[in-house]
Asks: 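Quick one: structure below, then a few questions.
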Amino acid sequence: MSTAIQENQGTDYDPQEHLGCYIFTPPNASSEAQRPPKRRRTSTSKGVKQKGKATAVTTTDNSLYEDDPEGELLFPQLFGGKESPAVAKRRWESYNELWEEQEKRTNEILASMNEKMLEEVSEFVKKAMPESYDGKVPTAVILVGPNIASHGLLFNQLATRIQVNERIGPAVVLSSKDATNLKGVLKKLIKDATQEDQGLDDEEDTVVTKKTQGAKLLNYDLQILQNWCQEPAHKGLKVTVAIQDTEAFDSNILSDLVSLMSAYLNRIPFTLLLGVATSIEIFHEKVPKSIIRLMRGEKFDVERAEECLARIFNDATIGAKSVLRLGPSLSDFLLRRQKNHTQSIQAFVAALKYAYMSHFYANPLSIFLAFVDDLDGLDEALKPEYLEAVRNLPSFRRRVESLLEEKNTKPVRLLLDDDAHLHDVIKASISLCRNYTKCLAQALEVLEIARSFMVNQNNKLPRHELYPKALLGELNGSPVIRELLLAMKKMNSTKLVALIDRVIATITDETDGSLQKALVPLRERIAALIKDSQKKNLNSEFDLSVSDTLRATVVSKRVQLSEKKSALTKEEEEYSKCVKAVHDIIEQYFSENMKGLEGLLLHEVFFYDLLSPHRDVFAPRSRYAIERALSRPQDYLGCACCSDLSEYGNNNPSDNPIMPTMPAASILYKLYLESGTLINTFDLWSAFYSIVGDGEGGDAGEGGVDRATGQVLFYRGLAELRALGFVRASKKKTDHLAKLAWKGL
Amino acid sequence: MAPELNITWVPNLRPSYLLLVLFYSLYLIPKQLRTCDIQQIKEIIYHVLVFTSYWRTKNNEDDGDPWNTGVVRNADKSARRKGARIMLQKAMNGDLSDADDDEGEDVLASKIYSQLGLEEELDDEEDVEDVEDVEDGLLDEEEDGNSQGGKNPRKKRTTKKKIQEKYEPPPLEGFESYFEQHRRGTKTSNSTLAGLPQLDLGDYYRLLREYPLPHEGERAMLMDVHRENFGQWAFELSQGFNVMLYGYGSKRQLLMGFAAKIYTPKNHIVVVNGYVPAVTTRDILNNIFATILGVEHRRKLGSNPNDMLDKLIELLDGEEDDEDNDEDNDEGASTRFPSDARITLIIHSLDGESIRAERHQSLLSRLASHPRVSLVASTDHIKAPLLWDSAKVSQFNFLWHDATTFQPYSSAEASVEELLYMGGSGRAGGTKGVKYVLASLPQNAKELYRILVSHQLQAMEEDGAGGAGEVGEMYGVEYKVLYQMGVEEFICSNDMAFRTLLKEFQDHQMVTSKKDVQGTEVLWAPFRKEELESVLEDIMVA
């Protein structure tokens, strides 16, 4: 090794490379700071950071931005640097503003989702007395579900609730990571339980903690906690011990802990909370029966993660307050990922955040979002390059093309040439976009309500899964709606009135009064009909079920039908007309409001729908990337020498051949692909050298390397393959390598 | 007897085989399972089903002959067994008719049987079949073609041929290649690296420096492309995400460039080289403390990394007790970590072997999840994403970026040393190390080793097969014999001294010992003949 280092003290030796860990000091800090920021040519996705200090910004604490208006701007100036710094800053501000709002709402939902469970558990803790549980340790088993990523948050909420809000006493959250041994667990338990007090009441606590009782106690002696509990300031407080991941907890330590708690129960009022991710049965198997006998308590179920996701998703996409929304393909992608890979809610929130980030970072038109409530302010921001960018939008092109199809050339000309006209169009479409989402959200809600009245409740897609379809315009005329409308026709009067009432109640918004206007008189008419009729329920003529007979022939059915029809009362005939009217109104409403966003100008600004950044960043295919780099280096290097344009290429079109110019690891990898499960190193070398060698033996061309250099390249390539995890030395045979990975799996 | 046996276990084989295939394909793609969607999984399962049904139909073609179903499957790869089957069939049927034909087949069968008698795995299936074909052709010409014994195997062969044609050329990608390569069995030559001259580490580095790597410009271009993303990464870091780079090529240089870019006095950067074998989480935490508190801080940190991390997080949260600072009141203000400062951790090879263990990763993930700590890391291993469970993934909160640089890995990142000595039976150190160890030992020890090696060489010479063959105890020296020889040469006078000398060799894995069947201890040097010769030469020269 020492020789190696000496050998290496040439040009490229970096001593820091061999250090395990060190503090970074910039090589030439002064010159670096003075370098002007680079300018960028392309307007998408790549930006240069404004030079200067990095920010002290955290996700949770966005307020720093407002405190420090001169602070950091991490957004690049887009349009190849033509964007003015002020606009870039505005973009940055609106990003922070909008995301902050969104995050706040999301966190509120998250907090409220656990509210019920928190309420119940803290109530349990409040009431729990060992006496009421036969002198056993009062225990709450909380079934938290398999999504372990959210457990931490949940238990922290629980702890804060118990000790700060309800003031029941100190709450200690233990996780399996703390539980390397019993001593450590007790230490943490005692430390956390007794320290907590200092935050609560501030006057006495210095005295309290300093007061010692003569005998020196080891810091894991529960006596400390007992003393603490017996102090007058802490009378009546309960000590809550929450175990976050019971399954991962060492079962011996857990049993010891429980038996200790049980032993001290008459002196320290313990309450135990167990977070169980699987099921109680599994927990039972983990802990000895004698220990389970020491506990007594209740079980609590945490609300379903799916419901939580639905609420957050609905809020972020169809919620009235959100400005930037997710587009159809992205939301579909995210929902699918969530469903199929049991991602945590946090993962979804991160993806949502990334959508905001990516939109504002790279899309110059995102500045429009800053002016949604102030359309006049937009005029200043609309520089020629923005108009140009708008004209390049796919939605703009679609608009123009559809106009051209109608042979309507005049507006097209105006759109393309007249900047002032485009200004107006942009403004109009901004409010159109805003309105569209509102209408769509409402239509989805109406749909949801109407569907809840349907008899057949199964195979119901939840609202958030309908959303991507609605955006694509697939919902209009889809079976979902057709079925619903059919079912509506068959409704009896009580149900229909209830339905109308619910629908009217939801559309109190200013958005669209037409539905309300149309429905209210109909409702009154039906109500009047019910009054007039002696029957409790009015049936419409559409609901003439023939199911009650055994007659099978078509004729007999028809006969029966006409009988039924004639049996309808006058009110019912009238009612049928009303039903028809309601049906038509609702149908009309859906077809008006469930249009896809395709036809909407500027929808790119309001609906973030770029799939590839999310896919690359959250669902990377790292192995594929490495395999591709090795098997097709020209894809990355873009060089002519490694492509198969040469004479080899024609013979073997399926795969590119091995070229001597490829990197050594690449050549080896390609040979590796061809070989079996065991690889003879010497044979691999021979094959390798026949490709890169200078051809002492014959055919290989000029430009090859001599044997020693070939060997060097071979060793390094092999070492790289091994470091990447493709091969390892095999013990089966001398000088053999075992193949560990198959391409494309 | 034989037929019953086969019939009973064949049906059992099918479901279990299906399960096995499913298991393999699912086991092999756990990484993909994280990223691929349900559609892809369905597709994989579909392929597996198609694959197994192919096996089934293939086997069902022989249904006329019930006991063949079992044999064919097994015999596919083994002509030896095929030969055996033909012979057995003949014996079973007591086939008296068509003596000519049977003779033909019989000759062939026994020929194959004897040819490959000892080889369990058939070396070249195709060749044998060609032989069979030729033989068949000859037979066809000779006889009228009404023989029954000959027809059956021939029919089978043609169907098999057809399927094989469909499967050619062997696939190089996907699960097909996996099955293909496992089905084919491995046949490798017996040549070893001994034929290749050993390369000195010094020479290695010298040659490496002298060799101009191709694609200089292209690599620089790739680096530039990645450098353009620095701004984006910095933004992502500022938003509480952590950045993870993957792709082929050393990402060290790129990351250091990024570090230089984001460095400010308020942004403390700690660099970790995860590939360095000696790095520990304690080092990392110590360095972070040093960057917060200054190198000269006198705070007690504790020795358990978890405790240290708790302290660190406390420090970062700014919740530390004032009491702690009372003692060094004057410095207290300066040692406090300014509230707007943050720490950026740069970890090269987060999947490095030294920090790969679960406890390190969970510690790092806890650290990385702190809002004031950013993490920029790189991974190289193709299975790196398997390191983390969902809790860690959500704590790390990584944004992944493809940073394929094609920069050669430094020798530290992808260690070559071991490979350079692969001549030494795949053992680190090889005979090279032996030389160094011997040089540092007293003359007596050298002498003893010389005796052992020369004795072993002599045994190899006498055997005649030594050299390329396996190293083993068959050429070793008995403990007592070696001791006796040592005493005779005045190397040692008692057993204790002899033991001490041997211990030294055993510690350096220069001598291996084993008790044989009779309980006598045998000692030998675990090297090949050529290596032993060079060792002996070295000793003699010295």
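Each chain gets a letter, A, B and so on, in the order the sequences are listed, and its residues count up from 1.
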Asks: Any side-chain to backbone donor/acceptor pair from B/His268 onto A/Ile23? Under 3.5 Å, distance only.
Replies: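 Looks like no, no N/O pair under 3.5 Å.
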Asks: Less than 4.5 Å apart, any side-chain heavy atom of A/Val617 and any of B/His401?
Replies: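 They are in side-chain contact.
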Asks: Taking the six-membered ring for Trp and the single ring otherwise, decide whether the centroids of A/Tyr669 and B/Tyr248 are under 6.0 Å apart.
Replies: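 That pair fails the under 6.0 Å test.
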Asks: Select one option (side chain, backbone, both, neither) describing which atoms of B/Leu222 are under 4.5 Å from chain A's heavy atoms.
Replies: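 Only the side chain of B/Leu222 comes within 4.5 Å of chain A.
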Asks: At a heavy-atom separation under 4.5 Å, does B/Leu363 approach chain A through its side chain, its backbone, both, or neither?
Replies: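 Contact with chain A involves no heavy atom of B/Leu363 at all.
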Asks: Show, in sequence, the C-alpha distance, side-chain angles and deciding distance for B/Gln239 and A/Tyr95, and conclude whether the side-chain hydrogen bond (donor to acceptor under 3.5 Å, both in side chains) test is met.
Replies: CA-CA 11 Å; B/Gln239 296 304 305; A/Tyr95 158 70; 2.8 Å; yes
Asks: Could you tell me whether the side chain of A/Pro620 reaches within less than 4.5 Å of the side chain of B/Asp402, counting heavy atoms only?
Replies: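 No, side chains not in contact.
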Asks: Could you tell me which of B/Met256, B/Glu353, B/Gln395, B/Met244 has the largest number of non-hydrogen atom pairs under 4.5 Å with chain A?
Replies: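 Greatest number of close heavy-atom pairs with chain A: B/Met256.
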Asks: Counting only N and O atoms by type, is there a donor-acceptor contact under 3.5 Å from the side chain of A/Lys353 to the main-chain atoms of B/Phe241?
Replies: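 Not at all, since once roles are kept as given, no pair shorter than 3.5 Å links the two residues.
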Asks: Is A/Tyr22 close to B/Asn273 at the side-chain level, that is, under 4.5 Å between some pair of heavy atoms?
Replies: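 Yes, their side chains come closer than 4.5 Å.
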Asks: Once you round to the nearest 0.5 Å, how far does CZ of A/Arg621 lie from OH of B/Tyr246?
Replies: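 The OH atom of B/Tyr246 is 9.0 Å from CZ of A/Arg621, to the nearest 0.5 Å.
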Asks: Tell me, do B/Glu236 and A/Tyr361 make a side-chain contact under 4.5 Å, heavy atoms counted?
Replies: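 When only atoms from C-beta onward are counted, A/Tyr361 and B/Glu236 do not touch, as no gap falls below 4.5 Å.
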Asks: Compare every heavy atom of B/Leu208 with every heavy atom of A/Arg716, then report the nearest pair and how far apart it is.
Replies: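 Distance-wise, the nearest heavy atoms are NH1-CD1, 3.5 Å.
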Asks: Applying side-chain contact (heavy atoms from CB on, under 4.5 Å), run through B/Leu399 and A/Phe618 and close with a yes or a no.
Replies: CA-CA 6 Å; B/Leu399 295 177; A/Phe618 289 108; 3.6 Å; yes
Asks: Between atom OH of A/Tyr354 and atom CG of B/Asn397, what is the distance when rounded to the nearest 0.5 Å?
Replies: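 Answer for the OH-CG pair, A/Tyr354 versus B/Asn397, is 11.5 Å.
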Asks: Considering only heavy atoms, which portion of A/Leu713 lies under 4.5 Å from any heavy atom of chain B: side chain, backbone, both, or neither?
Replies: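 For A/Leu713, the contact with chain B is made by the side chain alone.
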Asks: Please name the pair of heavy atoms, one in B/Met221 and one in A/Leu637, separated by the smallest distance, quoted to 0.1 Å.
Replies: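 Of all heavy-atom pairs spanning B/Met221 and A/Leu637, the closest is CE-O, 4.0 Å.
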Asks: Give, as side chain, backbone, both or neither, the part of A/Lys188 having an atom under 4.5 angstrom from any heavy atom of chain B.
Replies: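 Neither; nothing under 4.5 Å.
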Asks: What pair of heavy atoms forms the shortest contact from B/Ala260 to A/Phe24, and how long is it?
Replies: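 Between these two residues, the closest heavy atoms are N-CZ, 3.6 Å.
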Asks: Please list, chain by chain and in numerical order, all residues satisfying side chain to side chain donor-acceptor pair (under 3.5 Å) with B/Asp310, sequence neighbours excluded.
Replies: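 For B/Asp310 the side chain to side chain donor-acceptor pair (under 3.5 Å) partners, ignoring immediate neighbours, are B/Arg366.
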Asks: Side chain, backbone, both or neither: which part of B/Phe406 has a heavy atom under 4.5 Å from chain A?
Replies: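 Just the side chain, heavy atoms under 4.5 Å.
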Asks: Using 0.5 Å steps for rounding, measure from the OG atom of B/Ser369 to the CD atom of A/Gln346.
Replies: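 Here the rounded value is 11.5 Å.
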Asks: What distance separates B/Ile382 CD1 from A/Lys743 NZ, expressed to the nearest 0.5 Å?
Replies: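 Result: 12.5 Å between the selected atoms.
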Asks: Can you tell me how far the CD1 atom of B/Ile347 sits from the SG atom of A/Cys21, to the nearest 0.5 Å?
Replies: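 The distance works out to 8.5 Å.
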Asks: So how far is it from B/Gln232 CD to A/Ser358 OG, rounded to the nearest 0.5 Å?
Replies: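 Going from CD on B/Gln232 over to OG on A/Ser358, the span is 7.5 Å.
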Asks: Any side-chain heavy-atom pair from A/Trp92 and B/Phe235 closer than 4.5 angstrom?
Replies: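 In short, these two side chains touch, coming nearer than 4.5 Å.
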Asks: Among B/Pro277, B/Ala259, B/Gly247, which residue forms the greatest number of heavy-atom pairs with chain A at distances under 4.5 Å?
Replies: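 The answer is B/Ala259.
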